[in-house]
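Notes to accompany the following structure.
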Amino acid sequence: MFSYYFSLAVRSLKRNPVITALMVAAIALGIGATMTVFTVFHVMSGDPIPSKSSRLFVPQIDNWGPKSHRDGDNDPADQLTYTDATALMRAHQGVRQAAMYAAGFSLTPENKDIKPFFVEARATYGDFFPMFETPFLFGQGWSNTEDEAKAAVVVLSKKTNDKLFAGINSVGKSINLDGRDYRVIGVLDAWEPAPRFYDVTGKTFGDTEEVFIPFTHAIEQQIGSHGNNSCNDDPKAGWDNYLVSECVWIQFWIELPSAADATRYSAWLDNYAREQQRLGRFTWEPNNRVRDVQAWMVAEKVVPNDAKVSVLLAFSFLLVCLINTIGLMLAKFLGRSGEIGLRRALGANKAALFAQCIVESGVIGLAGGLIGVALTALGLVGIRGIFPEDVAHLAHLNVGLILLTVALAVVATVLAGLYPTFRAMQVQPAWQLKSN
Amino acid sequence: MLKMTRLEKVYRTHLIETHALRSIDIHVREGEFVAVTGPSGSGKTTFLNIAGLLETLTGGQYMLDGVDASKLDDNARSKLRNEKIGFIFQSFNLIPDLNIFDNIDVPLRYRRMSAAERKGRIDGALARVGLASRMKHYPSELSGGQQQRVAIARALAGSPRLLLADEPTGNLDSLMARGVMELLEEINRQGTTIIMVTHDPELAARAQRNIHIMDGQVTDLDEQPRLRSSTPMPDKNTHVA
């Protein structure tokens, strides 16, 4: 019967082209606006590492104390000091852990045809790569041995490898960063987690770093941070003073065996803070946090309130469009009371007519959804003027989103069609037949 | 075929009660051609709607082909209506954007017949009303008489036991009316029970039996069928008690 109802729906829609066009346009506009904003929101609020986001944690340690808290916000700083980061690395409480910070270099290629250029870098530990499941095109990340040896090794991003070595396997070759030679031991495949969760203190979205070097080597070479750096006091001049200061500038991630281990790790962190109390460094009770990836994204407000308001407004607009469609469908269905009454007289039960009206609603939704996909694609081009470029370029239509757009349109329109359908079901066949 | 016992129909609003039918007793036997007459507002159409299961009764009992229709739910009534009753309306009630074939197909669709069986029945019904060559035409392309023939074909395609006709010639000129009436008589001769509501005494006279309704009550009833005034009815008397 579905094909019969479908053909009746198409015929019915052709019968009133103006009303049909208005309904389809209302759905398409509502869906287009909603899906455009939702696509951006989806990118911003997505789980960047779904396979293990519940087992990856960021520890926060309150090293500044209550005096630093403002406006009732009791949250500790979102980065660690060098002292705490290295202490946590030494404690080795997780399956894997990595301290890290953003750096930057002038890269001088061996190929003299390519001019030196600036690269964003990440100084981290070897666990970074298996912990975040980074895909490798060639070679691999470095091991604990190289961490301990403070080795001058480097992992290149795919884009950097393409630029420097035309995409061939460059493992074993050397590159020069700020005058120091580094041996390439691995090349990443395309890797662009969105958001760039492992460091949201700076660039939240966009490309990952172009080169990765060992944290221990970077510290030894006194390579300064290019990322966010916060101090509550003058750290005094000199690298060593900076390292022992209470400035926070290091991100830290730990992988625990399971989500339940967070409680154990949190207790360990409190013990660590108490030890710092005993040592006289902290004069306040432990005030630490252990957050998994999703909780961290919320705490860091990766999705700004503006984006949430935009989604709310877009869905409100869709609601307005659907209310308009309900009115139009009501007029359309009740305008067909005669036919509905006749079909009842000829043997259609209420379920059959319900199915017929709902299929017709679905066809309107399908048409609106398909046009809505085109409008969403246009909208995503248009949002480049509203959202930051690094977010906007991530937001694009894929098969899943196209299917979601069409499905949302069909479901929303079918729901909108329920009331008109219900009213149509109340048609008394006898009266309608006589009135005809 | 159809037996109504002390049947009542009351329309109620919060202000008034209207007794459309009052304690009606009617018995129509299989194969009969019965005309229901009466002035406007007398309750003829209400009677026909209840007979056709388009409306529920307020009281009494209605037996249709051995089934107590007064106790059926909406689904069961739809099924019974679809399988046993054919309707012919004064205003034809064809769906304008369906061609003739698809219009006749409507009741068959709700029986979930195969496409081949539906086609066979539609072809047969159109042949019976002499419109086999018009199956791709739309209602607006046919005369009133032809449209009523299509409506009759639609009613016949489901092989109903009972045909209910509400002023079937009311919108036709005399020539077309005669053709439609002859077709109904032919259908009746082939065994289908027909109940026809009409204002026209001439048409009523062509039925085997008349039931006159006034103010919701049966005021005059031929208990026994009689020969049609214009057309002989061979063999029919053997069908009726």
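We use all heavy atoms of the structure for the numbers below, so side chains are in, but hydrogens, waters and symmetry mates are not. In what follows, every chain begins at residue 1, and chains take the letters A, B, ... in the order their sequences are listed.
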Exercise for the section: Below 4.5 Å from any heavy atom of chain B, which atoms of Ala348(A) appear? Answer side chain, backbone, both or neither. Expected result: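 Both parts, heavy atoms under 4.5 Å.
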Exercise for the section: Give, as side chain, backbone, both or neither, the part of Arg15(A) having an atom under 4.5 angstrom from any heavy atom of chain B. Expected result: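 When you check distances to chain B, only side chain atoms of Arg15(A) fall under 4.5 Å.
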Exercise for the section: May I ask you to decide whether Asp73(B) forms a salt bridge with Lys350(A), counting only side-chain N to carboxylate O separations under 4.0 Å? Expected result: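 Salt bridge between Asp73(B) and Lys350(A), a charged N being under 4.0 Å from a carboxylate O: no.
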Exercise for the section: May I ask you to decide whether Arg111(B) forms a salt bridge with Glu117(B), counting only side-chain N to carboxylate O separations under 4.0 Å? Expected result: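 Between Glu117(B) and Arg111(B) there is no salt bridge, as every charged N stays at least 4.0 Å from the carboxylate O atoms.
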Exercise for the section: Assess whether side chain to side chain donor-acceptor pair (under 3.5 Å) is satisfied between Thr56(B) and Arg77(B), documenting all intermediate values. Expected result: CA-CA 10 Å; Thr56(B) 54; Arg77(B) 290 190 326 176; 4.7 Å; no
Handout entry: Heavy-atom proximity to chain A below 4.5 Å, by part of Arg154(B)
Key =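 For Arg154(B), the side chain is the part near chain A, not the backbone.
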Exercise for the section: Just say parallel, tilted or perpendicular for the rings of Phe6(A) and Phe2(A), cut-offs at 30° and 60°. Expected result: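 Phe6(A) vs Phe2(A) ring planes: tilted.
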Handout entry: Option in Asn75(B), Leu48(B), Thr46(B), Asp105(B) with maximal non-hydrogen atom pairs under 4.5 Å from chain A
Key =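 Max contact count across the listed options: Asn75(B).
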